[in-house]
Amino acid sequence: MGLFILRRVGVMLLTALCLTFVVFFMTNLYPNLEKLAKTQGNQRMSDEQVEAWLENRGYNDPLLIKYGRWLGVVPGFVNTMEDGQVLGSCVRPGVEPEDTPSFCGILQGDWGYSTRFKDEVGGIVAKRLGNTGYLMMWVMILMVPTALMVGVLAGMREGTKLDRSLSTFSIITTATPEYVSGVIFIAVFTSSAVGLKWFKGTATQAMENPTFENFFLPVLTIALYGMGYIARMTRASMTEVMTAQYIRTARLKGVSFPNIVMKHALRNALIAPFTVIMLQFPWLLNGVVIVETLFNYKGFGWILVEAAGNNDIQLLLAVSVVSVFVVLVTQLISDIGYVYLNPRIRIS
Amino acid sequence: MEPLGTFEIIARVFWQFTSVWIALIILFAVSVAFKRRLGLYGKLFDSPIGMVGFALVMFWVFTGIFGAMELIVTHDPLAQISGMKNKVPGTPVPGSEEGIYAYYLLGGDNLARDVFSRMVTGAWVVVQIAPLATLFAFMVGITLGLPAGYFGGRLDTLLSFLSNLILAFPVILLFYLLVTPEIVATGMPNYMAAVLFVFPIVFLGVLLNSRYYTQPNFRTPLLVAVLGVAIWLYLSLISTGGAFVDAGTYRIPGLPKLVDLFDVPGGVLVVFVSVVFVNSPTVFRIVRGLTLDIKTRDYVAAAQTRGEGAWYIMLWEILPNARGPLIVDFCLRIGYTTILLGTLGFFGLGLPPESPDWGSTINEGRKLLSIYLHPALPPALALLSLVLGLNLLADGLREESLRD
């Protein structure tokens, strides 16, 4: 088991390295750098000025050296201008040139400096991730129990009216992407045209002061899309368990139906959905970006959109590292958990 | 003129779709009449869920096609008529002359365009891109997944690692990196298109070669004809305006304009390529899993004993036996592709901003959602019903294919 985890962590690091290099490569393509120079300098820069701007800040160096700087294995770029101004990848406003470290990369714990927010990347990501983490927590609290309940209720008696209606419900939710359900919810529950006005159409205030009124709709929107899939998996696994021999034996022994479901079937039926729930995280990440844009909630998805829109290289890299780790760690947990829940499987 | 009442709007919208209803009725009548002779497709008409799904899907397919033939749309989806900004459904068009439809059936949007016509035209965008992109993703996934599952070993390790790499990327981040005007300017989508679109040709070539290589007299002309057409289509697809990549600073010549069959605009190409790129690793994983399962069967062992080639076994023994799950996944995946296209539109990536596709329209409509509902809701419900139809269709197919 230890060796297995070690190998998986190794593959994980390799994956993260490859992915960040891809992101690095794409953000450092010349048209993207030109856009960065123009948004940071000014929009009417001539080609020569753009060239000089990039040259002075070390953006024109070979790709691998720049990537090494970001990792922290190559010394940071330093360039003293004629007027004494020091430019470089490790230079931060408010830090004297003498105090500037020569290495500043991931290995030194420095995530870089955001050109969009004019702030340390580490701090921005931590703050926004907190917002999103809070949102995700409530999504999980709403989504997982509801989905499991829907799945178990539908799967315990296959083909009944209850099964049909719950299955239809879960198909509809899987067919409704967040930007559709979000728009419908906002239209129905918040607009003055329908007049219900039960909730608020934006979650801007929810960052400081989350209440049911301003926070429920974003949570519901993300939860619904994931719910259907988990419910369908649970239903499939439940129907399979309900036809198993030991359930029939229990019935013949005279165990009551609720007892069979609760004590005999449920444990075995919940193994498969566990994996599915863990693998839902990457999908939820997409949902988060859409919902945060739709409801104007400034979290992780919002900085992703901002960083990508402004070609903020170091922020974008940090965002991709975080999201890749979320994906890979949940995969690892789902594999380990699967073995733990299902003793029939042994990792060799 | 008086604005239309709710009942009259519904009746008029219903009337606009006349051609679609007729096509649907004919299709269903013919299919039900001959359902015993139509294989899996015919069996679909035994399951009510499958029939509802199929009806929903075909409704939007016919809407897309007839919409493009201008049978359904009431106005030009890009034309703005002054005085119609954000008007509620059923508002008469002021000073309407002869030849212009007298009402905005589902109202006007923020730029005074007809919501109904935009929704119908948006269906055409989806019907054009989604199935084709899914098909390409399947070609890529099958061409790589079969050998990965069949041969295993290093090839499998490498390909699986690459597919996991792409899958570990959040889709939206990938879109934000790939589908920007800056990336289009570097010519990168063209390179990706050049690589990804080779797979269907390889697939076709290997498919036919492995089947007929014992009959060279028949195989050679067949391969020349099929691959000739395929390569011609491939070159037409990847070259635009006589060049393969035209990045300003450099230019790689492609097919001359004279024999270039069609031009794909840069915006559409990048959307297409990135959707194929995102979908193919999942297809790869499914195909690989199915291959691993099926290659242990007796008929594969029999073929190996007979001395059949590896590619013959993969494409003519394993693939046909994996078709059930693949067909079901194909339907689901078209739905997923539709959602992805909508996502791209929602973030304003790729397609031009005035494009009538559903995602862009929803994005535009949501900004005024607290006051005006009508610009955002029709495309949202359209997308919902199409994806729902595809899911129901997949469910029906799964049920029917499990039955035998």
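Below, read A as the first sequence line, B as the second, and so on, with proteins coming before strands; counting in each chain starts at 1. All heavy atoms count here, side chains included; hydrogens, waters and symmetry mates do not.
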Q. Looking at B:Ile49, B:Thr343, B:Leu386, B:Leu377, which one has more heavy-atom pairs under 4.5 Å with chain A than the rest?
A. B:Thr343
Q. Measuring from A:Ile172:CD1 to B:Leu388:CG, what's the distance to the nearest 0.5 Å?
A. 5.5 Å
Q: Step through the shown structure and confirm whether more than 12 heavy atoms of other residues, nucleotides or ligands are within 6.0 Å of CD on A:Gln40.
A: yes
(Q) A side-chain contact here means heavy atoms from C-beta on lying under 4.5 Å apart; do A:Tyr179 and B:Leu383 qualify? (A) yes
Q: Report yes if some heavy atom in the side chain of A:Leu29 is under 4.5 Å from a heavy atom in the side chain of B:Glu182; otherwise report no.
A: no
(Q) Under 4.5 Å from any heavy atom of chain B, what part of A:Arg164 do you find: side chain, backbone, both or neither? (A) neither
Q. Under a 4.5 Å heavy-atom cut-off, does chain B meet the side chain of A:Leu285, its backbone, both or neither?
A. side chain
Q | Contact leader toward chain A among B:Leu392, B:Thr180, B:Asn391, where contacts are heavy-atom pairs under 4.5 Å | A | B:Asn391
Q) chain A heavy atoms under 4.5 Å from B:Tyr372: which part of the residue, side chain, backbone, both or neither? A) neither
Q: Enter the distance from B:Ile166:CD1 to A:Cys18:SG here, rounded to the nearest 0.5 Å.
A: 11.5 Å
Q. How long is the gap from CZ on B:Arg366 to CD1 on A:Ile186, to the nearest 0.5 Å?
A. 8.0 Å
Q: Measure distances from A:Phe189 to the heavy atoms of chain B and classify the residue's part below 4.5 Å as side chain, backbone, both or neither.
A: neither
**Q.** Pairs of heavy atoms under 4.5 Å with chain B: top-ranked of A:Thr190, A:Ile184, A:Thr293
**A.** A:Thr293
Q: Find out whether B:Phe169 and A:Val23 are in side-chain contact, i.e. whether some heavy atom of one side chain is under 4.5 Å from a heavy atom of the other.
A: yes
**Q.** Minimum side-chain heavy-atom gap B:Ile172-A:Ile290 below 4.5 Å
**A.** yes
(Q) Do B:Ile183 and A:Met26 make a side-chain contact, defined as non-hydrogen atoms from C-beta onward lying under 4.5 Å apart? (A) yes
Q. Non-hydrogen atoms of chain B under 4.5 Å away: do they reach the side chain of A:Leu316, the backbone, both or neither?
A. side chain
Q: Examine whether an atom of A:Thr174 lies under 4.5 Å from a heavy atom of chain B, and if so say whether it belongs to the side chain, the backbone or both; otherwise answer neither.
A: both
Q: Under 4.5 Å, counting heavy-atom pairs only, tell me which of B:Asp395, B:Leu174, B:Ile371 racks up the most with chain A.
A: B:Asp395
Q.
If we define contacts as heavy-atom pairs under 4.5 Å, which of A:Val188, A:Val289, A:Val324 has the most with chain B?
A. A:Val289
Q: Indicate yes or no: at least one non-hydrogen side-chain atom of A:Asn286 is less than 4.5 angstrom from one of B:Phe175.
A: no
Q: Select, from B:Gly342, B:Gly359, B:Ala376, B:Pro379, the one with the greatest count of heavy-atom pairs under 4.5 Å involving chain A.
A: B:Gly342
Q | Closest non-hydrogen atom pair between A:Ala187 and B:Leu369, with its separation | A | N-CD2, 4.1 Å
**Q.** OH (A:Tyr229) with more than 12 external heavy atoms under 6.0 Å
**A.** no
Q.
Under 4.5 Å from any heavy atom of chain B, what part of A:Leu304 do you find: side chain, backbone, both or neither?
A. side chain
(Q) For B:Asn363, which atoms come within 4.5 Å of any heavy atom of chain A: side chain, backbone, both, or neither? (A) neither
Q.
So for B:Leu390, is it side chain, backbone, both, or neither that comes closer than 4.5 Å to the heavy atoms of chain A?
A. neither
Q.
For A:Ala175 versus B:Leu384, what's the shortest heavy-atom pair and its separation?
A. O-CD1, 3.7 Å
**Q.** CA sep, side-chain torsions, deciding dist, call: A:Val180, B:Ile339, side-chain contact (heavy atoms from CB on, under 4.5 Å)
**A.** CA-CA 10 Å; A:Val180 170; B:Ile339 292 179; over 6 Å; no
Q: Between chain B and each of A:Thr27, A:Thr168, A:Val305, count heavy-atom pairs under 4.5 Å; write down the option with the most.
A: A:Val305
(Q) Walk me through whether A:Thr15 and B:Asn164 qualify under side-chain contact (heavy atoms from CB on, under 4.5 Å). (A) CA-CA 8 Å; A:Thr15 313; B:Asn164 285 340; 6.0 Å; no
Q.
Between A:Leu328 and chain B, with a heavy-atom cut-off of 4.5 Å, which part of the residue counts as in contact: side chain, backbone, both or neither?
A. side chain
